[in-house]
**Q** 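Please read through the structure below; I'll follow up with questions.
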Amino acid sequence: MAGECLFCKIIKGEIPAKKLYEDDELVAFWDIAPQAPTHFLVIPRKHLSGPAGATPADDALVGKLLRKGAELAAANGAPAFRLVLNNGPEAGQTVFHLHLHVLGGRPLTWPPG
Ligand code: 5GP
Ligand code: ZN
């Protein structure tokens with residue numbers, strides 16, 4: 001349910017988060033359990049359950065999410081960075097509101113675990 005969603009509550013200000021960017025469509029905030037020196041999340045204000053929850057009507061929004069993540073990475077200590085979208089519990093998704101992980105500030109290995 002969108003109304004009970006953790007990230008919807010962050011958007012509404014009902015749960016505090018350390019924001020680094022926001023506009024009329026997106027909010028970016030630092031991850032509470034960072035996995036790298038730079039680790040923040042970029043989310044749409046619109047509740048989408050995850051990457052697979054987006055429809056063609058969301059194409060521009062999802063494109064902006066990626067572009068903004070890249071732009072903010074360079075401006076926040078990560079000229080080299082990784083953008084991650086987890087979809088489904090087996091892929092590591094724990095919050096079911098679409099969010100782009102932006103990770104950097106240390107060497108990142110491949111493949112991910
Ligand atoms: P997922 O595992 O779903 O891809 O990513 C969810 C991310 O949200 C995790 O990296 C987790 O640390 C982060 N997270 C979970 N709860 C909170 C919270 O209340 N505040 C912030 N800032 N990050 C959170
Ligand atoms: Zn939500």
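The residues of the chain are indexed from 1 along the displayed sequence. Just so you know, ligand 1 is whichever comes first in the structure, and atom 1 is the first atom listed for that ligand. Keep in mind that the numbers below use all heavy atoms, side chains included, and drop hydrogens, waters and symmetry copies.
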**Q** As a test of reading the structure, name the N/O/S atom of His47 that is nearest the Zn ion (ligand 2).
**A**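 For His47, the N, O or S atom at the smallest distance from the Zn ion (ligand 2) is ND1.
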**Q** Flag the pair His99 / His97 as yes when their ring centroid distance falls below 6.0 Å, and as no otherwise.
**A**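 Not under 6.0 Å, so no.
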**Q** Please report, to 10°, the angle around the Zn ion (ligand 2) from atom SG (Cys8) across to atom SG (Cys5).
**A**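 Reported to 10°, the angle equals 120°.
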**Q** What is the name of the N/O/S atom in His97 that sits closest to the Zn ion (ligand 2)?
**A** ND1
**Q** Atom CD of Glu25 and atom NZ of Lys46: how far apart are they, to the nearest 0.5 Å?
**A**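 That separation rounds to 10.0 Å.
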**Q** Do Leu26 and Leu61 come close enough that some side-chain heavy atom pair is under 4.5 Å?
**A**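 The answer is yes, as the side chains (C-beta and beyond) meet within the 4.5 Å cut-off.
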**Q** I need the Leu108 CG to Phe81 CZ distance, nearest 0.5 Å.
**A** 11.0 Å
**Q** I need the contact residues for ligand 1: any residue with a non-hydrogen atom closer than 4.0 Å to the ligand, ordered by chain then number.
**A** Leu6, Phe7, Ile10, Phe29, Trp30, Asp31, Ile32, Ala33, Leu41, Asn86, Gly92, Gln93, Thr94, Val95, His99, His101
**Q** About how many Å separate CH2 of Trp30 and CG of Leu41, when rounded to the nearest 0.5 Å?
**A**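 Taking CG in Leu41 and CH2 in Trp30, the distance rounds to 10.5 Å.
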**Q** How many angstroms lie between CD1 in Ile32 and CD1 in Ile10, if you round to the nearest 0.5 Å?
**A**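 Spacing of CD1 (Ile32) from CD1 (Ile10) equals 7.5 Å.
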**Q** Would you compute the distance between atom CZ of Arg82 and atom OG1 of Thr109 and round it to the nearest 0.5 angstrom?
**A** 6.5 Å
